[in-house]
*Asks:* 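First the structure, which I've put down as structure tokens, then a few questions once you've had a look.
Hydrogens, waters and symmetry mates are skipped; everything else that's a heavy atom, side chains included, is used. All ligand and atom numbering here is 1-based and tracks the order in the structure. We're numbering straight along the sequence, starting at 1.
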Amino acid sequence: MNVSTPHLNKYGLEIRTTHEKGRGIYATCSIPAKTVIEISPVLFFSYDEYQRHGRHTILDHYTFVWGDGRMALPLGLGSLFNHSDAPNVTYTKKKESDCIEYATTREISAEEELCIFYGHNLWFVDHDAKAQEGCREETDEWAGLNMEDVY
Ligand SMILES: C[S@@+](CC[C@H](N)C(=O)[O-])C[C@H]1O[C@@H](n2cnc3c(N)ncnc32)[C@H](O)[C@@H]1O
């Protein structure tokens, strides 16, 4: 694993690359629970533009349904949170300010990867699910976030 892209962030978050998941966001120091660690402004695509073009491209792995027909690409670190079915980061779409806010769900230790929950229908093999097999309790407390939230 190596640091791939320098980034300025109040909480010392780093972008690191792994063979299994590509880039991801990692903590370099401990972070308290319920801390807002990133606010990403979003780039919007209209419904028509997305249907005709965006969804046929790599953008489809990064965009969020905004709820009014538009699709939103988070700028900043927001597009680089990988998926976990035991996420330590939650996100909130801020419709009033056209951004997505990311907050820790629990205390984070230095060197942990920070992950969100993409939904139950993934389009890739979840590397972490394989790693955690056999030691994970089934929980559906995140069922409110589904494939409509992250594409
Ligand atoms: C929103 S992007 C996250 C950033 C991405 N890793 C990158 O380098 O640009 C989503 C993509 O990351 C990868 N990914 C995310 N979570 C993963 C996981 N748990 N296991 C394997 N690949 C994952 C998949 O390739 C997926 O299409």
*Asks:* Counting only heavy atoms not in Arg106 (residues, nucleotides, ligands), do more than 12 fall under 6.0 Å from its CZ?
*Replies:* yes

*Asks:* With a cut-off of 6.0 Å (strictly less than), are more than 12 heavy atoms of other residues, nucleotides or ligands near CZ of Phe124?
*Replies:* yes

*Asks:* Flag yes if more than 12 heavy atoms outside Lys95 fall under 6.0 Å of its NZ atom; otherwise flag no.
*Replies:*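 Check passes, neighbour count above 12.
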
*Asks:* Which ligand 1 atoms does Val125 reach within 4.0 Å, using its non-hydrogen atoms?
*Replies:*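 Near Val125, the atoms of ligand 1 are 20 (N), 21 (C).
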
*Asks:* Enumerate the atoms of ligand 1 whose separation from the nearest heavy atom of His61 is less than 4.0 angstrom.
*Replies:*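 It comes down to these atoms of ligand 1: 1 (C), 2 (S), 10 (C), 27 (O).
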
*Asks:* Nearest to atom 16 (N) of ligand 1 by heavy atom, Lys21, Glu113, His127, His83: which?
*Replies:*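 The option holding the nearest heavy atom is His83.
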
*Asks:* Out of all atoms in ligand 1, which are within 4.0 Å of some heavy atom of Tyr62? Include the element for each.
*Replies:* 1 (C), 2 (S), 5 (C), 7 (C), 9 (O)

*Asks:* If we only consider heavy atoms of Gly24, is any one of them less than 4.0 Å away from an atom in ligand 1?
*Replies:* no

*Asks:* Can you tell me if His19 has over 12 outside heavy atoms packed within less than 6.0 Å of its NE2?
*Replies:* no

*Asks:* Identify, by atom number and element, the atoms of ligand 1 in contact range of Ser79, meaning under 4.0 Å from any of its heavy atoms.
*Replies:*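 Here the atoms of ligand 1 in question are 1 (C), 2 (S), 3 (C), 4 (C).
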
*Asks:* Backbone, side chain, both or neither: what part of Cys115 comes under 4.0 angstrom of ligand 1, heavy atoms only?
*Replies:*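 Answer for Cys115: neither.
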
*Asks:* Any side-chain heavy atom of Asp60 within less than 4.5 Å of one from Tyr50?
*Replies:* yes

*Asks:* For ligand 1, find out whether one of its N or O atoms is nearer than 3.5 Å to an N or O atom of Asp126.
*Replies:* yes

*Asks:* Pick from Trp123, Tyr118, Phe117: which one makes a ring-ring contact (aromatic ring centres under 6.0 Å, His included) with His120?
*Replies:* Phe117

*Asks:* Which of these, Ile15, Thr17, Leu73, Asn82, has its nearest heavy atom closest to atom 3 (C) of ligand 1?
*Replies:* Asn82

*Asks:* Among Glu112, Glu113, Glu111, which residue satisfies the salt bridge (Lys or Arg N to Asp or Glu O under 4.0 Å) criterion with Arg16?
*Replies:* Glu111

*Asks:* Does an N or O anywhere in Trp123 fall below 3.5 Å from an N or O of ligand 1?
*Replies:*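 Yes: some nitrogen or oxygen of Trp123 is under 3.5 Å from one in ligand 1.
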
